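See below for the structure under consideration.
Naming: A, B, ... by sequence-line order, numbering from 1 per chain. Computed from heavy atoms alone, side chains included, the values below leave out hydrogens, waters and symmetry copies. Being a predicted model, the structure only gives us computed values, none of them experimental.
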Number of protein chains: 4
Amino acid sequence: MRLTAPLVDSDTERSRKDTEARPPASGARGRPRSEATDAAILDAAMAEMAERGYARMSIDAIAARAGVSKPTIYLRHAGKAELATAALAAFQQRALPRPTGDTRADLVAILRHLRRGVERPFGMAMIGTVLAEEAHTPELLSLFRERLVAPRRAALRGVLEAARDSGELREDADLDAAVAALVGAYYAQYLAGRPFPRAWPTPVVDVVLGGLCRRA
Amino acid sequence: MRLTAPLVDSDTERSRKDTEARPPASGARGRPRSEATDAAILDAAMAEMAERGYARMSIDAIAARAGVSKPTIYLRHAGKAELATAALAAFQQRALPRPTGDTRADLVAILRHLRRGVERPFGMAMIGTVLAEEAHTPELLSLFRERLVAPRRAALRGVLEAARDSGELREDADLDAAVAALVGAYYAQYLAGRPFPRAWPTPVVDVVLGGLCRRA
Amino acid sequence: MRLTAPLVDSDTERSRKDTEARPPASGARGRPRSEATDAAILDAAMAEMAERGYARMSIDAIAARAGVSKPTIYLRHAGKAELATAALAAFQQRALPRPTGDTRADLVAILRHLRRGVERPFGMAMIGTVLAEEAHTPELLSLFRERLVAPRRAALRGVLEAARDSGELREDADLDAAVAALVGAYYAQYLAGRPFPRAWPTPVVDVVLGGLCRRA
Amino acid sequence: MRLTAPLVDSDTERSRKDTEARPPASGARGRPRSEATDAAILDAAMAEMAERGYARMSIDAIAARAGVSKPTIYLRHAGKAELATAALAAFQQRALPRPTGDTRADLVAILRHLRRGVERPFGMAMIGTVLAEEAHTPELLSLFRERLVAPRRAALRGVLEAARDSGELREDADLDAAVAALVGAYYAQYLAGRPFPRAWPTPVVDVVLGGLCRRA
DNA sequence: TATGAATGAGTGTTCATTCAT
DNA sequence: CATGAATGAACACTCATTCAT
């Protein structure tokens, strides 16, 4: 039974659960594990981690939220850290927008996608917790990078590379720095506690694409 | 007795401790409160918070690290949250570089200053913990913004405004987006797990100042 | 959540434990809660409260005395106050003597019953602690009144009312004052530190009855 | 400086402080101890003990209430137990009413005096705490008996003996039981949680006296 | 003499984890 | 397979008492 709505959106997909610490015995003897239970646990863990942070998230709360008992969780995951990483590994963000060939519009679309993730309740807290736990549970940060950060950066980089190859950009443009500036602007703005204007992605893209200096 | 080296750098200055919940009585009666103990507690708290995060940081560990007993801490700080905020408030980053009038050099200097803060051991974990604790202990994030984030943003903005006023920048430049892109690039790069090239600030400043697009 | 239990039960040593803050799930799934442990905890709590008083009674000591761990206690009782009230609620004094119709003998029998309670080791200390805690933990006193004081008063009053109805006592006899004088004599004697003579109840009953009986 | 009104009434007298654990050095060298401070400490201790009970009363709170520092207290009293007993020893209740020769009126007057003590805020809590602490700090109960209980019992007994000697009472009346019934009625009524009628002492005296008086 | 600072030993409570059914 | 019961280790915080000024 679901106790609360899951953190993930409806168009979220769950990836294959091949990261479990305690795989079910091969052969199909006995009652098979419920896939719905598997998913409920991972959803609950993800939600708790986002809302309360890894350190504060409690197995008890996850069990209650997923509507299962604690041993049911431990049967699937070796411990708190493994549960958290499994939840993160299973988490799939919304599909990134497909590039259209219009560089500016594509960049804005990707930043809009990022914004939805960051503005989701506790989205920044989730980023915070993986950073805060780096020393204690480094897998969280690596997984976060692999699952959430890297795809977005790749998408941005793809758009920029295409633009460069088509001659839209300067040959010597540092695309790495550009990608960092584009996505980082969100983090910086949030950390500064400043409100996001309605059409926030546009000015950022404009700055990065066009620069601040007066044209010759 | 100091158990560990302090987190703060040698050129760090400690700000006035006016956030204490139980201020020492004015006048000089009785045994004076040891200033070395005051500092040791705040240093230890800051270090524990950076290394383990606010949720995991324990008063016991802070007491041990500072070489004092727990009641000595509670004499000065009303609770864990107050101790953490006091440590944050007392933490003074290195002085920001003074602007020279050379826009590009000034921006690079400020970003270099930021980089030293972020690359300090557990620097990003500190940012992570204030973000992760936003729901539970919002004072941490607001204090962090006030003490660390805002001054840097103001410095960056000052340099950019001067440049705009002197005609160096386009009149319509969105300085807010530019500041976010400049400092955010660090966060994004760290979160991506990518190494920082030797002269990292330069490409970022170049992108923001000059833009990616080919000039007309 | 229930703070007090209903007024059920007449003869069983331990009343039904429906005052628990975290009741066991109905149905028989999972490991059943040990009834021996339930009882051991309540007994230990009652003993500690009588011996050391509510304020001094520690969960640690109760756990040790009951031979269980502290979380085992917290599984059953929401906190120290709830544990103490549960112990008090579960405590059942010896059954009161049944009235025989002989007024004087019945009163003496009830006072003898009271005396056994008061002379039990720490019996008066138990009364003391519920009085001392009135400001801090008023449930203790109300439960004590409900479970221990009220039944005895009712029994005494019943005997006196029967005697009055049968014409043995004066019509205008103040039964309330008489009941108070009868049971209060014990408290006063104890508080005075005076030894209880062998047949103590008899003189008290004689003093009080003499005042109530119809004059010749 | 007095922080709060003292528990004791204005017509309360303080007895000689010859129970101090640490008497001042003989000879009058150095600054003499302030008698006002002595009294403030004892008043504060008495009030705290009545309000919170011996176990919960804290030296810190007493110091604050008395407007002194903790070492000032420890200079005069060897520890918490000694402070509490000193406070109790120094406590003098209102003077008992002088007997007039009218037995019934004298008894009522003494019970009225008792009632004022019992109904004083925390009066019963004070009785409770000395009972609760009997195992831990038996001096409290002995002192309470000596200072508060015994004088009242003696007064009651005096009135009754005079009445017996003057032929008002039966020769064989058990005065001990009668005294216990008279004062105990208060304790019992309070413990039962029943309200005290306006003229409460009268019915109690009537019940007890009726039993003692020679029949017509 | 008096102060404020400092402390060792606890307090009630919670949590990740394992056990018994 | 799944449950509820049980636990060792920790947690933030407090108190009676002593120290240094």
Arg33(B) side-chain N/O to dA5(E) phosphate OP1/OP2 under 4.0 Å | yes
Test Met49(A) against Phe122(A) for side-chain contact (heavy atoms from CB on, under 4.5 Å), laying out the working first.
-> CA-CA 9 Å; Met49(A) 181 158 41; Phe122(A) 308 107; over 6 Å; no
Starting from C1' on dA12(F), measure out to CZ on Arg56(A) and report it in whole angstrom.
-> 12 Å
Could you check which of dA16(E), dA12(F), dT13(E) has an atom nearest any side-chain atom of Lys80(A)?
-> dA16(E)
Taking only the side-chain heavy atoms of Val68(B) (C-beta and beyond), determine which of dT7(E), dC15(E), dC19(F) contains the nearest atom.
-> dT7(E)
Does Arg56(B) reach the side chain of Tyr54(A), with side-chain heavy atoms less than 4.5 Å apart?
-> yes
Distance below 4.0 Å between Arg76(B) side-chain N/O and dA6(E) OP1 or OP2 = yes
Nearest to the side chain of Leu75(B), which nucleotide is it out of dA5(E), dG12(E), dT3(F)?
-> dA5(E)
Can you tell me if Ser34(C) uses its side chain to pair, donor with acceptor, with the backbone of Thr37(C) under 3.5 Å?
-> yes
Any side-chain N or O of Thr72(D) less than 4.0 Å from the OP1 or OP2 oxygen of dT3(E)?
-> yes
Are the charged groups of Arg76(A) and Asp38(A) less than 4.0 angstrom apart, N to O?
-> yes
Atom NE2 of His77(C) to atom P of dT14(E): distance rounded to whole Å?
-> 15 Å
Could you say whether Ile59(A) or Ser34(B) is positioned toward the 5' end of DNA chain E, judged by the nucleotide with the nearest heavy atom to each?
-> Ser34(B)
Between Ser69(C) and dG8(F), is there a side-chain N or O to OP1/OP2 distance below 4.0 Å?
-> no
From the options dT3(E), dC11(F), dA16(F), select the nucleotide whose nearest atom is closest to the side chain of Arg29(B).
-> dT3(E)
Separation between CD (Glu134(A)) and CG (Leu141(A)), nearest 0.5 Å, reads 5.0 Å
dist Ile73(C):CD1 -> Leu42(C):CG (nearest 0.5 Å) comes out at 9.5 Å
What stems, by residue range, does DNA chain E take part in, given at least 3 consecutive Watson-Crick or G-U pairs under 3.5 Å?
-> E:2-21 with F:2-21
Check the distance between dT13(E)'s C1' and Asp60(A)'s CG and give it to me in whole angstrom.
-> 14 Å
Heavy-atom nearest nucleotide on DNA chain F taken for Pro32(B) and for Pro71(B); more 5' hit belongs to Pro71(B)
Shortest side-chain distance from Arg31(B), nucleotide among dA5(E), dT7(E), dT7(F) = dA5(E)
Expressed in angstrom and rounded to an integer, what is the separation of Ile41(D) atom CD1 from dT1(E) atom P?
-> 13 Å
Would you say Thr37(B) reaches dA5(E)'s phosphate, i.e. side-chain N/O to OP1/OP2 under 4.0 Å?
-> no
Separation of atom CG in Leu83(A) from atom C1' in dT17(E), rounded to whole Å | 13 Å
For atom CD1 of Ile62(A) and atom P of dT17(E), their distance in whole Å = 11 Å
How close or far is atom P of dT7(F) from atom NZ of Lys70(A), stated in whole angstroms?
-> 13 Å
side-chain contact (heavy atoms from CB on, under 4.5 Å) between Leu143(A) and Val130(A), intermediate numbers included = CA-CA 9 Å; Leu143(A) 264 168; Val130(A) 304; over 6 Å; no
When the distance from CZ of Arg52(D) to P of dT14(F) is rounded to whole Å, what number comes out?
-> 12 Å
Spacing of CD belonging to Glu139(A) relative to CD belonging to Glu133(A), to within rounding of 0.5 Å = 10.0 Å
